[in-house]
Amino acid sequence: MNTDYYPIQQPEDLPAREREDAMGAYFMMFASLAAGLPLPVINLIAAIIYYHVNKHKSRFVRFHSLQSLLSQLPVSLLNAGLVVWAISFFKYDFNFDNTFLSYLIVVILANLLYLGFSIAAAIKARQGLMYYFIFFGKLSYEIVYKVKEEEEQIYRNNPPI
Amino acid sequence: MKKRIWRDFLILLVIFLGAWIFLTYYPIVDSEVVKESYNERETEIKEKLIELLEFEQADSDTTQILRALGELKHLVSDKDINYDLYFSDSKDINAYALPGNMIVINRGIILECDSPEELIGIIAHELGHLKLNHHTDQLLTTLGIELLLAGNSSTAGEVTKVLTQSTFSRDMEAEADDFAVKKLQELGISPNYLAKLFKKLYTKSDLVPEFLNSHPDMNKRISKFSKYPFEESKLEFTFDWLKVKNSL
């Protein structure tokens, strides 16, 4: 099995349009995150659409779109959990306890971290640079840059021997 | 690379769960301090409510109804809860549990009770709300402590409105009913007394919309109390219930 990776494009090889698309992946997520706040699933749908629209562009754009999408998944799930938990207070009169309060703090911190790292990544992407988040960076790199066996080119037209 | 991805994933998971658990067990806000300040406020709230709504405490010797309520209060006791019973001269058919371990019985519901045993059932139900900690947030979330404490006599109407409209969840009502059943049985009173009272209120529902609104699933509740056969209670009281009612 081939475990090679495609070469990473260098900033000078990347046209401005691609850098902007890569940067857009992060900024688009912010907008959709804000729009999806009452129902944190909406932004996930937007994120998936953005990724699918951009996945046929260069690997650089695809990497940043995927990293942005993947890192948004847990944040959205945490936010959704918070919304459901908060609603249950009003519906079932659960006690507003420490477990919820600490969850709220952790979720706020996770959102702030996501925001901070995403801004950093967006700036790097605009400069044509790679920026790896913990876990999501490696995972996205593995998915986008790894040469898959089935992707190896099959040469049907060959020169005469 | 795959190993490193898994390692990163585990690091993230440990950070998330660790922070959550750490904050849960070592909270930033000291819950004891919060509790203490809440208890202080509870006393303040209690005093304000008594002042605003002119509640009269049972046990005092001034009127027949207060003497009678005092006697009933001594009967319906609980080792974990030291509560105060109040009489409110309101025609609304209602009784409610309030912050500060208060139970308030309106004139309206007393007039509907054919026997002191029925009223004991109501007191036991409200005591259930207190014992199971159902009361605290209800009033505070609807009304807001500041608004209540800043209130003068002109806000009394607003406060009464909130009190009669604030509802417990169905689960809470069911729990308080179960508590009442247990309490009545301890006292040798058939829970069927409550079924009788509720049936009466149900048929007169045009007169008592607030009471029914705040207590959903009336049919279910009546059938819960009706399961117990009716037996005349052997309790003896120092007062004549009819005379007490006539004095109102």
Side-chain angles (χ1 to χ4, degrees), chain A residues 1-6 8 63 66-67 70-79 81-82 85-114 117 132-148, chain B residues 1-35 38 97 99 128-142 144-145 165-176 214-216:
Chain A
M1 190 171 153
N2 196 336
T3 51
D4 286 345
Y5 291 86
Y6 290 106
I8 297 174
F63 165 80
L66 187 63
Q67 176 166 258
L70 291 178
S71 56
Q72 201 189 318
L73 270 171
V75 176
S76 298
L77 285 176
L78 290 177
N79 290 350
L82 190 67
W85 203 343
I87 289 172
S88 68
F89 280 127
F90 297 105
K91 217 172 164 190
Y92 303 108
D93 312 303
F94 284 159
N95 287 327
F96 190 78
D97 57 5
N98 259 335
T99 320
F100 175 77
L101 207 63
S102 12
Y103 182 76
L104 177 75
I105 295 169
V106 174
V107 171
I108 291 173
L109 286 177
N111 274 282
L112 288 177
L113 280 176
Y114 167 74
F117 279 110
Y132 302 103
F133 291 174
I134 182 172
F135 174 63
F136 305 105
K138 292 194 183 86
L139 186 62
S140 307
Y141 175 75
E142 179 80 9
I143 295 171
V144 176
Y145 281 94
K146 192 174 178 182
V147 178
K148 292 179 191 79
Chain B
M1 177 67 95
K2 271 183 185 160
K3 262 187 195 164
R4 280 192 288 170
I5 292 173
W6 276 110
R7 189 199 60 193
D8 280 9
F9 175 72
L10 284 175
I11 290 173
L12 277 183
L13 198 67
V14 167
I15 290 175
F16 169 72
L17 290 176
W20 188 5
I21 293 168
F22 179 81
L23 287 171
T24 304
Y25 291 100
Y26 297 91
I28 298 165
V29 185
D30 187 349
S31 60
E32 281 306 309
V33 174
V34 173
K35 221 183 201 174
Y38 182 76
H129 283 310
L130 291 182
K131 167 125 180 170
L132 302 163
N133 265 327
H134 290 169
H135 64 293
T136 41
D137 298 334
Q138 293 290 327
L139 176 72
L140 305 183
T141 47
T142 336
I145 303 179
Q165 283 173 355
S166 62
T167 58
F168 291 118
S169 71
R170 284 166 194 219
D171 285 348
M172 285 180 174
E173 289 299 344
E175 282 170 16
S214 59
H215 293 76

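Each chain gets a letter, A, B and so on, in the order the sequences are listed, and its residues count up from 1. This structure is a prediction, so every number in the text was calculated from the model and none was measured. For the numbers below, each heavy atom of this structure counts, side chains included, while hydrogens, waters and symmetry mates do not.
- A perpendicular orientation is assigned to the rings of F16(B) and Y103(A), their planes being inclined by more than 60° (bins at 30° and 60°).
- Of all heavy-atom pairs between I5(B) and F135(A), the closest is O-CD1, 3.2 Å.
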Next on the checklist: Quick one, L12(B) with F136(A), criterion side-chain contact (heavy atoms from CB on, under 4.5 Å). Give me CA distance, side-chain angles, the key distance, then yes/no.
Outcome noted: CA-CA 10 Å; L12(B) 277 183; F136(A) 305 105; 3.7 Å; yes

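- Within a 6.0 Å radius of CZ in F117(A), no more than 12 heavy atoms belonging to other residues, nucleotides or ligands are found.
- Here I134(A) contributes atom CD1 and I15(B) contributes atom CD1; the two are 5.5 Å apart, rounded to the nearest 0.5 Å.
- The part of L78(A) that comes within reach of chain B is its side chain, from C-beta onward, which places non-hydrogen atoms under 4.5 angstrom from that chain.
- Of the atoms belonging to I11(B), it is side-chain heavy atoms, and not backbone ones, that fall under 4.5 Å from chain A.
- Here CZ of R4(B) is found 9.5 Å from CD of E142(A). Values are rounded to the nearest 0.5 Å.
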